[in-house]
Structure formats: structure tokens, C-alpha cells
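Structure first, then comments.
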Protein chains: 2
Amino acid sequence: MKDAISILRHCGIQPTPQRIAVVEYVLKSKTHPSADHVLSYARKKCPTVSRATVYNTLNLLVEKGLLGMQTIKEGAVVFDPNIEKHHHFVDTDTGDVYDIPWDQLEVKGKEKLKDFEITEFQVIMRGRRKKN
Amino acid sequence: MKDAISILRHCGIQPTPQRIAVVEYVLKSKTHPSADHVLSYARKKCPTVSRATVYNTLNLLVEKGLLGMQTIKEGAVVFDPNIEKHHHFVDTDTGDVYDIPWDQLEVKGKEKLKDFEITEFQVIMRGRRKKN
DNA sequence: TATTTATTTAGACAATGTCAAGACAAATAT
DNA sequence: ATATTTGTCTTGACATTGTCTAAATAAATA
């Protein structure tokens, strides 16, 4: 992955220490962190960073298409560095969210929904992850 | 639909005026109301009903399987009187949520997900509802 | 150096949702 | 009837999420 500074510059966002801290964490996260998670981790690099700045930066990244945003859990939106189309599986025991590759599932019948203009869709599954 | 009192009695919940007001509204709603919507309408029938009672009653109904609960919009959970399996379409302009009948769509490939034990799933679509 | 301009911070604010304590009502027992 | 237990409701406190504003700070430009 490119470094945080180039990523920010590339979309015309001034790379400040606060934004760099946010980007470094959220864009390389393997999980699906909430804004509060991002805030905690950003404060490790940049102890004075404020909640407002974290929210501002996250919203900027989402607007620029560098970051996904999902409303699949109660309580708080989660962010998703994977901006390829994909589906989601939510472990109902742990709350963990897993990405399911787009081509693993096929959704048939959408063309029958004549009343709706579908701009995006995904399958959301819930259950338990099997421990191997 | 059966009346609110029988429904409550049938699951061993004492039918109080407050609960009846909640049930009457939420179980016959054609939309997908939030808890706050339910509170507003319940107060029309029962002006002193409290927020806590509305939440308690909604949670009770969900536990008993009489009411669905969906986390598909930002900010607040929505409730869904349709407890048959179905998919959802969210109008990104209006925020309205539409139920899509279960048999309109088919999701293929779930058996390939060997790491996951799927207890439920649905397709969530976003876009615009075509106005005829 | 002076002056815009952009960014950050702190705190206020509103909304969602949960919880505990006391008030109230209803059912049962005495 | 009255007392007692049991269940329910309300109020208000509380934590959390997320947005906003005003003031402070930093950075860029002239």
C-alpha cells in the first residue's frame, strides 16, 4: 500500500499529522473499526487528536472513495478499507465482520424489480464463524 | 391481524395500555419505524408513555419473535412488522425502506463459504425507487 | 513580516439507547 | 377489607455516537 502522505496528496487533502495517523490506521486495518476505534488508535500516534478531526477525516476519506462505510451493526457505523465490491458476514457471537469476495455469491432476479433503480447491493449474512 | 390484546396475551405479556399502544402502531405499520417514531405515535394514544417503556416493549416483541429489527440505516435501528424472511431496498433519496419478497431473489454460492455457519442472510439494495 | 486560508481543538449540543430507583397498579393471600 | 408480594411504569441519570461552532493554531501566500 502507498504511504499515507501520498494517498492524501493524491486526493488533494493536505497531509497533517492528525490525518496521517487516521489514514495509517484505518486504511490498513484488517478489521472493520468504528470511529471510536480509529480515535483510540490515532491518539497513540498523535495524543492530542480530537474527535472532530477524526470524524472529519473519516468523512473526507469516504467522500473521496478511499474508504467504505457500512451500517451493518447496531450502535455505530463501521469503516472498511476494502473498497472493492464485496459482501459481508457478521459473527453474532463476537461482532466481528468478515468480507466475502464479490464473486463467491451470485444474486439472481434483480431484473424483476421493475420499481427500483438499484445503484448498489450486497448480501449480508449473520451467524458464527467456524473455528478450525 | 389479531388485536393487540390477544397478541400480547398469547406470548404471556400482560396487556397494559402502554404496551397496547406500542403494539397497535408497530405491528400494523406499513413503514419501518424507528423507536422514536413509535414513541411519538404511542403518545397519541397514551400521552404519558415513557421512552423506557417503548424501548422495553419493542425489545420484548423482538425477543418473542413478533417484530423484526434491522440495522440498515445510520443513526437508529428500524423495526419491521414483517417477520417473514425478505430482502430490503433502501431509497437513498428519501430514506424509505421497502420489503422485497424472499422469492424474488436467489442467492447462489453460500455453500462455498466453508468457514461460516450462516443462520440468516438477506440482500440489501440501495438506490432510487422509480416513480410511476 | 503581514495577511489570508486551512486545520485543529474543545466544548456544546442533539439523538439513540440503557439503567436504576422510586411510584404506581394489580393480583394474591391473610 | 387489608396487607403483601409481584409486576409495570416513569423519571431522570448516564454513556455513546455524531455534528457543529467558535476560538486557537498552523500553514501558505503575498
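Below, chains carry the letters A, B, ... as their sequence lines are ordered, and counting in each starts from 1.
Taking the 5' to 3' direction, DNA chain C first and last meets chain A under 4.0 angstrom from a heavy atom at C/dA6 to C/dA10.
Every residue two or more places apart in sequence or in another chain that forms a ring-ring contact (aromatic ring centres under 6.0 Å, His included) with B/Tyr25 is listed here: B/Tyr41. Residues forming a side chain to side chain donor-acceptor pair (under 3.5 Å) with B/Asn56 (at least two apart in sequence, or on another chain): none.
Smallest separation of non-hydrogen atoms from A/Leu67 and A/Ile83: N-CG2, 3.8 Å. Of all the heavy atoms in A/Ser50 and A/Arg43, the pair that sits closest is CA-NH2, 4.0 Å. The shortest heavy-atom contact between A/Lys45 and A/Ala21 is CB-CB, 3.9 Å.
Rounded to the nearest 0.5 angstrom, A/Lys130 NZ and A/Asp91 CG are separated by 12.5 Å. Rounded to the nearest 0.5 Å, atoms CZ (B/Arg19) and CD1 (B/Ile5) are 13.0 Å apart. Atoms CG and SG, on B/Leu61 and B/Cys11 in that order, are 7.5 Å from each other to the nearest 0.5 Å. In this structure, NE2 on A/His86 lies 4.0 Å from CG on A/Asp80, to the nearest 0.5 angstrom. Put simply, CG on A/Asn82 and NZ on A/Lys30 are 9.5 Å apart, with the number rounded to the nearest 0.5 Å.
Contacts between residues 30-43 of chain B and DNA chain C, counted as heavy-atom distances below 4.0 Å, involve B/Ala35, B/Asp36. DNA chain C lies under 4.0 Å from at least one heavy atom of each of the following residues of residues 52-73 of chain A: A/Ala52, A/Thr53. Of the residues in residues 14-21 of chain A, those with a non-hydrogen atom less than 4.0 angstrom from any atom of DNA chain C are A/Gln14, A/Thr16, A/Gln18, A/Arg19.
The aromatic rings of A/His88 and A/His32 stand perpendicular to each other, their planes meeting at an angle above 60°, with 30° marking the opposite boundary.
Distance A/Glu74 CD to D/dT16 C1': 13 Å, rounded to the nearest Å. Atom CZ in B/Arg51 sits about 16 Å away from atom P in D/dC14, given to the nearest Å.
The side-chain tip of B/Lys110 points at the ring of B/Phe121 from less than 6.0 angstrom away and within 45° of straight on. Cation-pi contact between A/Arg129 and A/Tyr98: present, with separation from the ring centre below 6.0 Å and deviation from the ring axis of at most 45°.
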